[in-house]
Student: 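Before I ask anything, let me first share the structure, which is written out below as structure tokens.
We number each residue from 1, following the sequence as shown.
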Amino acid sequence: MVNRQTKDMQHLILGGELIKLEGYVVDHKISRLVGFRYGVSIDDMCHVSNLQVITCSENKKKSNACLIDKSNKWIIKKYNLPLGEIRLY
């Protein structure tokens, strides 16, 4: 379900065009594992503010770590996610 909704949001990230970029992936800044563990809704996990396009190698390094920035900080607040328990990237 998360994968399908992420693909639906991909056009917003890539400027309105659905394109396949060789060597790049759409990544969840707050990882899917953390979202699942703390009950973050699929809609919020797949919100454009929680998605980014990064290289496959960067995504592999990031793994289940989370990137928190100004655009997705509202998810941390909404779900009262414990930053001390989340591995940050």
Side-chain angles (χ1 to χ4, degrees):
M1 184 70 164
V2 171
N3 285 340
R4 184 175 64 218
Q5 195 151 348
T6 300
K7 284 184 189 264
D8 291 345
M9 294 302 291
Q10 184 177 9
H11 71 283
L12 295 175
I13 298 166
L14 299 174
E17 293 185 35
L18 282 173
I19 55 176
K20 177 109 173 118
L21 298 173
E22 191 69 34
Y24 290 83
V25 294
V26 176
D27 172 63
H28 296 85
K29 294 178 189 177
I30 297 173
S31 74
R32 293 184 301 173
L33 176 68
V34 169
F36 177 76
R37 185 174 288 154
Y38 293 102
V40 178
S41 75
I42 291 172
D43 286 340
D44 289 345
M45 283 303 298
C46 297
H47 190 273
V48 70
S49 67
N50 192 47
L51 301 175
Q52 64 179 344
V53 176
I54 61 175
T55 64
C56 293
S57 61
E58 191 70 23
N59 191 44
K60 191 173 184 173
K61 281 192 275 182
K62 181 178 171 277
S63 185
N64 289 320
C66 298
L67 173 67
I68 311 300
D69 60 19
K70 289 188 278 187
S71 65
N72 70 347
K73 201 168 194 164
W74 64 272
I75 297 171
I76 299 295
K77 292 178 182 177
K78 179 177 180 179
Y79 292 92
N80 199 26
L81 299 181
L83 287 178
E85 297 176 20
I86 296 172
R87 190 167 66 91
L88 299 177
Y89 186 76

Student: By side chain to side chain contact (heavy atoms under 4.5 Å, CB included), which residues pair with Y89, not counting sequence neighbours?
Tutor: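 For Y89 the side chain to side chain contact (heavy atoms under 4.5 Å, CB included) partners, ignoring immediate neighbours, are E58, K61, K62, A65.
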Student: When hydrophobic residues are tied together by side-chain contacts of less than 4.5 Å, even through go-betweens, does W74 share a cluster with I86?
Tutor: yes
Student: Is a side-chain donor or acceptor of N72 paired with a backbone partner of H28 at a separation under 3.5 angstrom?
Tutor: no
Student: Among the clusters formed by ILVMFWY side chains lying less than 4.5 Å apart, do L67 and I54 turn up in the same one?
Tutor: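 No, separate clusters.
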Student: Starting at CZ of R32, measure out to CG of D27 and round the result to the nearest 0.5 Å.
Tutor: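 Answer for the CZ-CG pair, R32 versus D27, is 9.0 Å.
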Student: Tell me whether Y38 shares a hydrophobic cluster with I75, the cluster being built from Ile, Leu, Val, Met, Phe, Trp, Tyr side chains joined at under 4.5 Å.
Tutor: yes
Student: S71: which residues meet the side chain to side chain contact (heavy atoms under 4.5 Å, CB included) condition with it, sequence neighbours left out?
Tutor: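 Per chain and number, S71 pairs via side chain to side chain contact (heavy atoms under 4.5 Å, CB included) with K29, S49, D69.
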Student: Could you tell me the separation between the CD1 atom of I30 and the CG atom of N64, rounded to the nearest 0.5 Å?
Tutor: 13.0 Å
Student: Go through the structure and list residues passing side-chain hydrogen bond (donor to acceptor under 3.5 Å, both in side chains) with S57, not counting sequence neighbours.
Tutor: T55
Student: Would you give me the side-chain donor-acceptor pairs under 3.5 Å for residues 76-83, sequence neighbours excluded?
Tutor:
unit_1 : atom_1 : unit_2 : atom_2 : d
K78    : NZ     : D44    : OD2    : 2.8
Y79    : OH     : S41    : N      : 3.2
Y79    : OH     : S41    : OG     : 3.3
Y79    : OH     : D44    : OD2    : 2.6

Student: Can you hop from I68 to L33 via hydrophobic side chains spaced under 4.5 Å?
Tutor: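 No, no single cluster joins them.
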Student: For N50 and M45, indicate whether the former's side chain and the latter's backbone hold a donor-acceptor pair under 3.5 Å.
Tutor: yes
